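Only one structure is covered here, and it is reproduced in the block below.
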Amino acid sequence: MAQTIKLQTPLTDEDVSKLSIGDKVLISGTIYTGRDAAHKRLVELVEAGKELPFDIKGQIIYYVGPAPAPPGKPIGSAGPTTSYRMDPYAPVLMDVGLKGMIGKGPRSQSVIDSMKKNKAVYLAAIGGAAVVVAKAITDAKVIAYDDLGTEAIRELTVEDFPCIVANDIYGNDIYKEGVEKYKK
């Protein structure tokens with residue numbers, strides 16, 4: 001039975017063990033942004049044994065390239081990016097402590113296997129509701145890779161940021177199970 005769960009970052013193994021696909025979550029705390037170009041750089045740092053620009057342990061990365069902030073707002077529209085573009089990089093980041101990812105669309109089997117191995121979750125943000133999602137972001141600042149423009153890594157402060165659990169730590173996948181459920 002799907003339920004609404006409030007999460008505070010950074011996440012722990014205990015936090016993610018309570019989540020099942022279909023659960024609605026409301027995230028508060030700090031999350032980070034990053035898309036494929038930033039992920040490539042992060043993985044290169046990990047592979048070189050160098051320090052990442054933020055402590056990734058227990059953290060969530062939101063796959064987003066936000067619009068510029070309008071006057072008086074911390075951020076512009078902030079809708080999710082299609083997640084499969086981060087699939088080549090996500091397992092490496094989970095191996096060093098990443099606990100959650102937010103995006104849209106299904107993940108590869110290698111990412112699902114890594115979520116099971118590392119006790120991490122994938123959360124789906126609501127596509128097409130970028131303005132609504134942005135209302136949950138109370139502060140935003142670029143912390144790395146400013147040269148990537150909208151794809152730079154940002155540190156976001158969020159309050160009740162809404163998502164749905166798409167993949168849990170038990171290998172369940174809402175994109176597969178949802179299709180099966182409504183196929184009947």
Side-chain angles (χ1 to χ4, degrees), residues 4-12 15-16 19 23-46 51-90 93-94 96-107 111 120-167 174:
T4 299
I5 299 171
K6 288 192 172 240
L7 294 174
Q8 179 73 43
T9 62
L11 303 179
T12 65
D15 292 329
V16 295
L19 303 176
D23 287 343
K24 179 180 177 185
V25 296
L26 299 171
I27 303 163
S28 294
T30 300
I31 65 175
Y32 296 89
T33 68
R35 292 176 47 162
D36 26 336
H39 274 67
K40 183 176 187 291
R41 291 184 185 183
L42 292 174
V43 167
E44 287 170 352
L45 288 174
V46 170
E51 191 171 317
L52 296 177
F54 63 96
D55 183 0
I56 201 166
K57 290 189 179 8
Q59 297 302 332
I60 297 173
I61 294 180
Y62 180 26
Y63 304 148
V64 62
K73 303 283 185 185
I75 199 164
S77 296
T81 298
T82 304
S83 300
Y84 75 85
R85 294 197 319 247
M86 273 57 72
D87 282 1
Y89 312 109
L93 298 180
M94 284 185 271
V96 294
L98 182 67
K99 279 291 178 197
M101 299 154 284
I102 303 171
K104 66 178 181 182
R107 307 308 299 267
V111 173
V121 293
Y122 172 53
L123 308 167
I126 301 165
V131 173
V132 175
V133 169
K135 289 181 179 176
I137 301 168
T138 60
D139 191 37
K141 62 183 174 191
V142 173
I143 62 164
Y145 312 141
D146 196 27
D147 61 302
L148 295 178
T150 189
E151 297 190 31
I153 294 180
R154 287 173 170 75
E155 182 181 275
L156 305 180
T157 303
V158 297
E159 185 171 335
D160 290 338
F161 187 97
C163 294
I164 303 292
V165 179
N167 290 96
I174 202 167

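Worth knowing before you read on, the calculation uses all heavy atoms, side chains too, and leaves out hydrogens, waters and symmetry mates. Not measured: the values here are computed from a predicted model.
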Taking it one step at a time, do V121 and K99 satisfy side-chain contact (heavy atoms from CB on, under 4.5 Å)?
CA-CA 6 Å; V121 293; K99 279 291 178 197; over 6 Å; no
Starting from the C-alpha separation in whole Å, work towards a yes-or-no answer on side-chain contact (heavy atoms from CB on, under 4.5 Å) for L93 and H39.
CA-CA 9 Å; L93 298 180; H39 274 67; 3.5 Å; yes
Passes side-chain contact (heavy atoms from CB on, under 4.5 Å), Y32 versus L98? Steps please.
CA-CA 11 Å; Y32 296 89; L98 182 67; over 6 Å; no
Go through the steps to decide whether V25 and V165 satisfy the test side-chain contact (heavy atoms from CB on, under 4.5 Å), and finish with yes or no.
CA-CA 7 Å; V25 296; V165 179; 3.9 Å; yes
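Nearest heavy atoms, A78 versus A134: N-CB, 4.2 Å. The two residues A152 and V142 have their closest heavy-atom pair at CB-CG1, 3.9 Å. In this structure, A38 and L148 approach most closely via the heavy-atom pair N-CD1, 3.8 Å. The minimum heavy-atom distance between I31 and I27, with the atom names listed, is CG2-CG2, 4.1 Å. Closest non-hydrogen pair, P10 versus Q59, comes out as CB-NE2, 3.5 Å. Taking both residues in full, the closest heavy atoms of P70 and G76 are given as CD-CA, 3.8 Å, listed atom of the first, atom of the second, then distance.
Side-chain contact between I75 and P68 is absent, with no heavy-atom pair separated by less than 4.5 Å. Looking at heavy atoms from C-beta onward, Y63 lies out of side-chain contact with P80 at the 4.5 angstrom threshold. You'll find the side chain of I174 reaches within 4.5 Å of the side chain of I164, heavy atoms only. Looking at heavy atoms from C-beta onward, N167 lies out of side-chain contact with V111 at the 4.5 angstrom threshold.
Annotation: the span from T12 atom OG1 to K57 atom NZ amounts to 15.0 Å, rounded to 0.5 Å. How far CD1 of I153 is from CD1 of I143: 6.0 Å, rounded to the nearest 0.5 Å. How far CG of D15 is from CG of L7: 6.0 Å, rounded to the nearest 0.5 Å. Atom CG in L156 sits 10.5 Å away from atom OG1 in T9 (nearest 0.5 Å).
In terms of the side-chain contact (heavy atoms from CB on, under 4.5 Å) criterion, residue partners of I126 (sequence neighbours excluded) are, by chain and number, A129. D147 pairs by the side-chain contact (heavy atoms from CB on, under 4.5 Å) definition with R41, Y145, not counting sequence neighbours. Considering only residues two or more places apart in sequence or on other chains, Y62 meets the ring-ring contact (aromatic ring centres under 6.0 Å, His included) condition with F161. Take A69 and apply the side-chain contact (heavy atoms from CB on, under 4.5 Å) test, not counting sequence neighbours, and it matches no residue. Residues that satisfy the ring-ring contact (aromatic ring centres under 6.0 Å, His included) test with Y84, not counting sequence neighbours, are absent from this structure. Considering only residues two or more places apart in sequence or on other chains, E44 meets the side-chain hydrogen bond (donor to acceptor under 3.5 Å, both in side chains) condition with K40. Considering only residues two or more places apart in sequence or on other chains, P74 meets the side-chain contact (heavy atoms from CB on, under 4.5 Å) condition with none of them. Scanning for salt bridge (charged side-chain N to carboxylate O under 4.0 Å, His left out) contacts around E159 gives an empty result, with sequence neighbours left out. Under the salt bridge (charged side-chain N to carboxylate O under 4.0 Å, His left out) criterion, R154 pairs with no residue, sequence neighbours left out. K141 pairs by the salt bridge (charged side-chain N to carboxylate O under 4.0 Å, His left out) definition with E155, not counting sequence neighbours. Among residues two or more places apart in sequence or in another chain, the salt bridge (charged side-chain N to carboxylate O under 4.0 Å, His left out) test is passed with D87 by R107.
Between the side chain of T33 and the backbone N or O of V64, no donor-acceptor pair lies under 3.5 Å. Between the T157 side chain and the T138 main chain, no donor and acceptor come within less than 3.5 Å of each other. Although no hydrogens or angles enter the test, the distance criterion places a donor-acceptor pair under 3.5 Å between the side chain of Y122 and the main chain of K104. A donor-acceptor pair under 3.5 Å links the side-chain atoms of T150 to the main chain of P66, judged by distance alone.
Tested against D160 for a salt bridge (charged side-chain N to carboxylate O under 4.0 Å, His left out), the candidates K24, K135, K6 yield a single pass: K6. Test I102, L26, I60 against C163 for side-chain contact (heavy atoms from CB on, under 4.5 Å) and you get one pass: I102.
Under the side chain to side chain donor-acceptor pair (under 3.5 Å) criterion, no residue pair touches residues 69-79, with sequence neighbours excluded.
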